[in-house]
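Everything below concerns the one structure shown next.
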Amino acid sequence: MAEVYDVIIIGGGQSGLACAYYLRRTKLNYLILDEQENCGGAWQKTWDSLRLFSPADQSSLPGWLMPKNEDGFPPKDHVINYLCKYEERYDFPVKRPVKVENVEKESGVFKLKTSAGDFSAKTVISATGTWKAPFIPKVKGIDIFRGKQIHSAQYKNTDKLENKKVLIVGEGNSGAQILAEVSKVTNTSWATLKDPEYLPDDVDGRVLFNVATAKYKAEKEGKKFDPAAYNLGNILMVPTVKEARERGVLKTKGSFTEFTENGVIWEDGTKEDFDLIIWCTGFHYATDHLNNIVDTDANGKIITEGTRAKNTNGLWLVGYGGWTGYASATLIGVGRSARATIQEVSEYLKD
Ligand code: FAD
């Protein structure tokens with residue numbers, strides 16, 4: 001008979017690894033299934049120039065600090081390298097590439113149907129992130145536009161963008177950073193639903209994490225916290241975005257109401273043509289594989305208490321950000337969530 005694991009973690013990105021770190025300290029028998037060919041989770045997919053907004057010493061998973069890098073905030077390759085070494089260091093049992101197609105539950109045991117056959121487990125931790133679920137709003141006429149459209153999840157670099165007219169959509173950090181980069185090689189416009197809001201220049205990832213930690217502590221102790229100038233969702237003035245401001249390109253044209261065959265119609269009725277639209281409009285949750293055992297909302301969200309699925313015993317969800325755990329979509333934040341989850345899983349399996 002096939003082995004029934006105590007725990008199977010779906011997803012071998014930073015969240016899956018943080019859970020594995022705490023599982024390794026238990027006697028539980030566990031396995032990680034990850035769809036990617038290589039280690040590093042979604043960091044392998046991001047655009048080439050992406051850097052962490054947090055310094056190395058504030059970007060670590062539990063147990064082992066991310067090594068420092070020489071010039072400022074770590075580039076994505078540094079993060080991928082760290083995640084791969086982390087995996088090796090603790091010798092986690094990871095199978096790749098294995099895509100979990102769907103999960104069923106029979107007689108209290110989870111059956112995972114995967115690209116590499118079936119696996120069984122008493123409990124499942126889903127740590128599949130958001131990268132596989134890019135969100136693009138349904139704007140009127142989107143299907144008649146004949147130009148190219150990509151999501152920030154597919155954007156890599158400015159190769160082949162010279163002489164193209166590019167529309168960047170979205171007022172978040174991705175929108176600002178991609179606009180900063182693309183505007184260096186070609187003609188860009190920026191579409192945003194509201195005016196972009198910027199953090200003060202002297203606020204970097206380090207300050208953000210200090211504020212986030214202070215906020216977390218205050219909330220835990222029932223004290224008041226006034227974040228004042230620090231809205232953690234505002235655009236962080238990383239060097240490339242500062243430089244774009246100096247060039248005068250950080251200017252939004254507001255929002256557009258619909259597409260034409262060649263471009264968009266802005267709110268004031270003027271038309272503008274584009275060759276490429278880059279949607280920097282965020283992500284939903286990559287939870288499709290759980291559709292047989294849980295109800296999800298339009299964003300892929302499941303009803304949870306902390307990280308535990310409320311209506312499905314034995315299922316946890318880790319690393320999806322504010323939904324399942326404070327700052328759990330960050331390297332430094334996911335450890336807290338993973339530790340609490342493994343405590344709950346261990347308790348559950350005792351019964
Ligand atoms: P992922 O990294 O997406 O890993 C999930 C893994 O699960 C992937 O390998 C995926 O292939 C696999 N998977 C998915 N579905 C299945 C399936 N059905 N079967 C098997 N495997 C599956 N965080 C910071 O701490 N600092 C930063 O500076 C920072 N900057 C960021 C900048 C950007 C632009 C973005 C988008 C995010 C940033 N983050 C940052 C956030 C964070 O680090 C990422 O969101 C992180 O990748 C989340 O990790 P995860 O392990 O939850 O998900």
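Every number for a ligand or one of its atoms is a count from 1 in the order of the listing.
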Side-chain heavy atoms of Ser49 within contact of Thr240, under 4.5 Å: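 Side-chain contact under 4.5 Å: no.
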
Ring centroid separation Tyr348 to Trp316 under 6.0 Å: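 Yes, the ring centres sit under 6.0 Å apart.
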
Parallel, tilted or perpendicular: ring planes of Tyr90 versus Tyr86, cut at 30 and 60 degrees: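 Perpendicular, since the angle between the ring planes exceeds 60°.
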
Pair listing, salt bridge (Lys or Arg N to Asp or Glu O under 4.0 Å) test, anchored in residues 288-302, at least two apart: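 Every pair satisfying salt bridge (Lys or Arg N to Asp or Glu O under 4.0 Å) with a residue in residues 288-302: there are none.
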
Derivation and outcome, side chain to side chain donor-acceptor pair (under 3.5 Å), residues Thr252 and Glu171: CA-CA 9 Å; Thr252 173; Glu171 63 264 11; over 6 Å; no

Ligand 1 to Gly40 polar contact by distance, N or O atoms, under 3.5 Å: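 By distance alone, the answer is no.
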
Heteroatom distance test (Ala42, ligand 1): nitrogen or oxygen, under 3.5 angstrom: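 Between Ala42 and ligand 1, an N or O pair is found under 3.5 Å apart.
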
Ser59 heavy atom under 4.0 Å from ligand 1: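 It does not, in that no heavy atom of Ser59 comes within the 4.0 Å cut-off of ligand 1.
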
Within-shell test, Asp34 vs ligand 1, heavy atom, strictly < 4.0 Å: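 Yes.
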
[X]: numbered ligand 1 atoms lying under 4.0 Å from its heavy atoms:
X: Thr128; result: 5 (C), 7 (O), 13 (N), 14 (C), 15 (N), 16 (C), 22 (C)
X: Val98; result: 19 (N), 20 (C)
X: Ile10; result: 17 (C), 19 (N), 20 (C)
X: Trp131; result: 36 (C)
X: Ala329; result: 23 (N), 41 (C), 42 (C), 43 (O), 44 (C), 45 (O)
X: Gly319; result: 52 (O)
X: Trp47; result: 34 (C)

Run the salt-bridge test on [X] and [Y] with the 4.0 Å N-O cut-off and return the result as yes or no.
X: Glu267; Y: Lys253; result: no
X: Lys165; Y: Asp275; result: no
X: Asp201; Y: Arg245; result: yes

I'd like the name of whichever of [options] reaches closest to [atom] through any heavy atom.
atom: atom 18 (N) of ligand 1; options: Val103, Val100, Ile32, Leu17; value: Val100
atom: atom 11 (O) of ligand 1; options: Glu35, Gln14, Gln36, Arg96; value: Gln36
atom: atom 5 (C) of ligand 1; options: Ser115, Gly282, Gly41, Ala127; value: Ala127
atom: atom 33 (C) of ligand 1; options: Thr46, Leu50, Ile9; value: Leu50
atom: atom 50 (P) of ligand 1; options: Ser15, Gly12, Gly13, Pro55; value: Ser15

More than 12 heavy atoms of other groups within 6.0 Å of Ile136 CD1: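 Yes - once you tally the heavy atoms of other residues, nucleotides and ligands closer than 6.0 Å, there are more than 12.
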
Indicate, as side chain, backbone, both or neither, the part of [X] found under 4.0 angstrom from ligand 1 when only non-hydrogen atoms are considered.
X: Phe73; value: neither
X: Lys132; value: side chain
X: Leu33; value: backbone

Spacing of Trp47 atom CH2 and Gln154 atom CD [to the nearest 0.5 Å]: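 Rounded to the nearest 0.5 Å, the CH2-CD separation comes out at 13.0 Å.
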
For His151, the option from Phe283, Phe135, Trp279 that meets ring-ring contact (aromatic ring centres under 6.0 Å, His included):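 With His151 as partner, Phe283, Phe135, Trp279 yield a single ring-ring contact (aromatic ring centres under 6.0 Å, His included), made by Phe283.
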
Exam field: side chain Lys156 to backbone Lys45, donor-acceptor pair closer than 3.5 Å: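 Yes.
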
